[in-house]
There are 2 protein chains.
Amino acid sequence: MTDFSVSEFEARLIRAQAAMTVEGFDALFLNTEAEFRYFTGFRSLFWQSPTRPWFVIVPQSGELTVVIPSIGTDLMQRMWVNDIRTWPSPRGEDEGVSLLIEALGAFDRIGVPMGEESSLRMSLTDFRAVEASIKGRFTDCSHLIKTLRTKKSEAEINLHREICRIGSNAFARLPDVANAGDPLADVFRKFKITLLEEGAEEVPYLVGGAGRGGYHDVISPPGRTPILDGDVVMLDTGSTLQGYFCDFDRNFAVGTALPEAQVAHQKLWDVTQAGIESARPGVTCAELFVAMSKILGGTSDIGRIGHGLGMQLTEWPSIAAHDQTELKAGMVMTLEPSLMIDEKRMMVVEENILITDGAPELLTKRVSRDLVVI
Amino acid sequence: MTDFSVSEFEARLIRAQAAMTVEGFDALFLNTEAEFRYFTGFRSLFWQSPTRPWFVIVPQSGELTVVIPSIGTDLMQRMWVNDIRTWPSPRGEDEGVSLLIEALGAFDRIGVPMGEESSLRMSLTDFRAVEASIKGRFTDCSHLIKTLRTKKSEAEINLHREICRIGSNAFARLPDVANAGDPLADVFRKFKITLLEEGAEEVPYLVGGAGRGGYHDVISPPGRTPILDGDVVMLDTGSTLQGYFCDFDRNFAVGTALPEAQVAHQKLWDVTQAGIESARPGVTCAELFVAMSKILGGTSDIGRIGHGLGMQLTEWPSIAAHDQTELKAGMVMTLEPSLMIDEKRMMVVEENILITDGAPELLTKRVSRDLVVI
């Protein structure tokens, strides 16, 4: 039933416990979807509901303990976890708190992700109640979790390969499904259907934009304005297979590729090419940022030009001036340089790559240097 | 550009500020997607990325302040918010913290949702840094937020009506798209496409199950096992329109409705009918739970048999023994009684209703008492 063999989860636990030993954590206390799934294998869209919290405790030695709502018992029993403690949630009072206090009672130094990109998927009131009732203390373990999750296993990489292939195939069909005169919202809807037809399991993320020769932002939902001759239409999808993401975009010129759009696209292609050529193990994200920025010239204030990818649409690290993370074989990354064509119009081009011991493996089908015209 | 007129947001702010005055909050400090969208109108799938935090401050009088990554500036400028403070995120250090300290500096008693169903969508480290640097103190405001969001406006209700209509139309087409012998995962994929074709904008949630005469859980992703004669197939979708959810399911018998499945479905239909008849303003959720449980007999340990619905798949309150929330006109609710057919098999039937001054309005097309056979 799990998405991976038990050996995948055993390997994750062994790596985690080795790192915990080095960093002096007696246990990890995790309550966010990606971390919970990473260790237990439990994958469910039920996390969409904010009502019930879910917890996993990773001890420095021995097996996982999960503390979960009883509605999850059946699915969890099909995972590899043996120590399953449940309560009938929601029950208003004590949403797992007393079970957590008991389960965490033996540990002193307990890792909780508290650093950048982390969040707390339980109420602050309950978190503080647990913290106040245990003898141990909560300490930030963001770095440890980051280090574990950025290096993908072969099984994870295969899912990335497959969902990137599916996304590439869907984009290849876009000229057949989108037509001049279509409202952008209809293009989005048809493209989502295309992604599902090509084999995507979920399409949690589809954003984009359209405008004459460029678009004004990259995170908006689509409107009803029709796409017109001279427009550039950009679609950016995070689709998933067994909970693993692709995250890349494609730009299409409607009818005519305006010169300024063509020039921007070619430049971004060249920037990406520089990124592909520079993305080698041992290079830092900051160095990769510089290598790409040299071709790009200037900066945008989007803050970064690529990031990690995995069980979340974006993961550590960031390809940004501040990020000193070293690239390592097994990291899956996006390269997504963007530029302002003028004050009102921008363009983004994105590819997904796997860092290897040599040249990176391109997971997406490389976009052509010239804009595709639809 | 916003999903609603400015008057909708003005009304929300006025209601919030009136409640803040009564409850003695000088400001609210909100960082979660639904709350951020509720006040600002800012809707973006970009929240899928955990990298960047987003903040809105609601003062007891005067206008909203947002503290957001600069990547959101363009979209936010198309909302109704005037005071937009940005930083180029991600930048590693100071992800909005210094801007927050400045923006919150004037306030003493600052509401932060800390109670049941809440979460913290920023790092604990940054939250604590802000808390330690301001003169004011953070105090739980869950109840205030709950009271605001449970009562839907006419504009919100219309979105619920429309997405429930879309979902009902999609379910009506299921007998044409699903066939005996289809792997359950394919049924899911085809049904997602059907939902999109019928007008759903997003399908963030589709879970379900299949099995001879019943299924074993209701939160699993689908497997490749084919659906067979005698199986009951259940699909439960949370689809959205402009970010507002439906949340209901339908059960179908493949080829033959087994007697135990038919009996279970009829019983759950009757339980829902009792719920519809009892769901009146002034009735508490606990009383509604009792009225439905009387017909249901026994209990399950899923913890509740319905809940609020809105910008999230599940919202306060819960139709559960512990929830003393009074129903009020304008609440949108699900009724979802479930029962165990035997130790291994269960069934759930779900409808969505609007609480009115009289009988509730059924938002979903009421399922037939007998199982539909496909």
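Protein chains get the first letters and strands the later ones, always in sequence-line order, with residue 1 at the start of each. What you see is a predicted model, and the numbers here were worked out from it, not measured in a lab.
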Show the nearest heavy-atom pair for residues [X] and [Y], with the distance to one decimal.
{"X": "A/E202", "Y": "B/V203", "value": "OE1-O, 4.2 Å"}
{"X": "B/M114", "Y": "A/T125", "value": "O-OG1, 2.7 Å"}
{"X": "B/W54", "Y": "A/I219", "value": "CH2-CD1, 4.2 Å"}
{"X": "A/T51", "Y": "B/R304", "value": "OG1-NH2, 3.0 Å"}
{"X": "B/P90", "Y": "A/H322", "value": "O-CE1, 3.3 Å"}

Less than 4.5 Å to any heavy atom of chain A: does that hold for the side chain of [X], its backbone, both, or neither?
{"X": "B/F188", "value": "neither"}
{"X": "B/S318", "value": "side chain"}
{"X": "B/F42", "value": "side chain"}
{"X": "B/P204", "value": "both"}

Non-hydrogen side-chain atoms of [X] and [Y] separated by less than 4.5 Å:
{"X": "A/M346", "Y": "B/D74", "answer": "no"}
{"X": "A/L124", "Y": "B/L124", "answer": "yes"}
{"X": "A/D217", "Y": "B/R78", "answer": "yes"}

Pairs of heavy atoms under 4.5 Å with chain B: top-ranked of [options]:
{"options": "A/A185, A/P53, A/G199", "result": "A/G199"}
{"options": "A/G72, A/A320, A/G115", "result": "A/G115"}
{"options": "A/E201, A/E117, A/R43", "result": "A/E117"}
{"options": "A/R128, A/R121, A/Q242", "result": "A/R128"}

- Query: By number, which residues in residues 307-317 of chain B have some heavy atom less than 4.5 Å away from chain A?
  - Reply: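 Within residues 307-317 of chain B, the residues that come under 4.5 Å of chain A (heavy atoms only) are B/Q312, B/L313, B/T314.
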- Item | Leading residue by heavy atom contact count with chain A [cutoff under 4.5 Å; candidates B/P50, B/G243, B/A321] | B/P50
- Item | Options B/M122, B/K192, B/E95, B/H216, ranked by heavy-atom pairs under 4.5 Å with chain A, top entry | B/H216
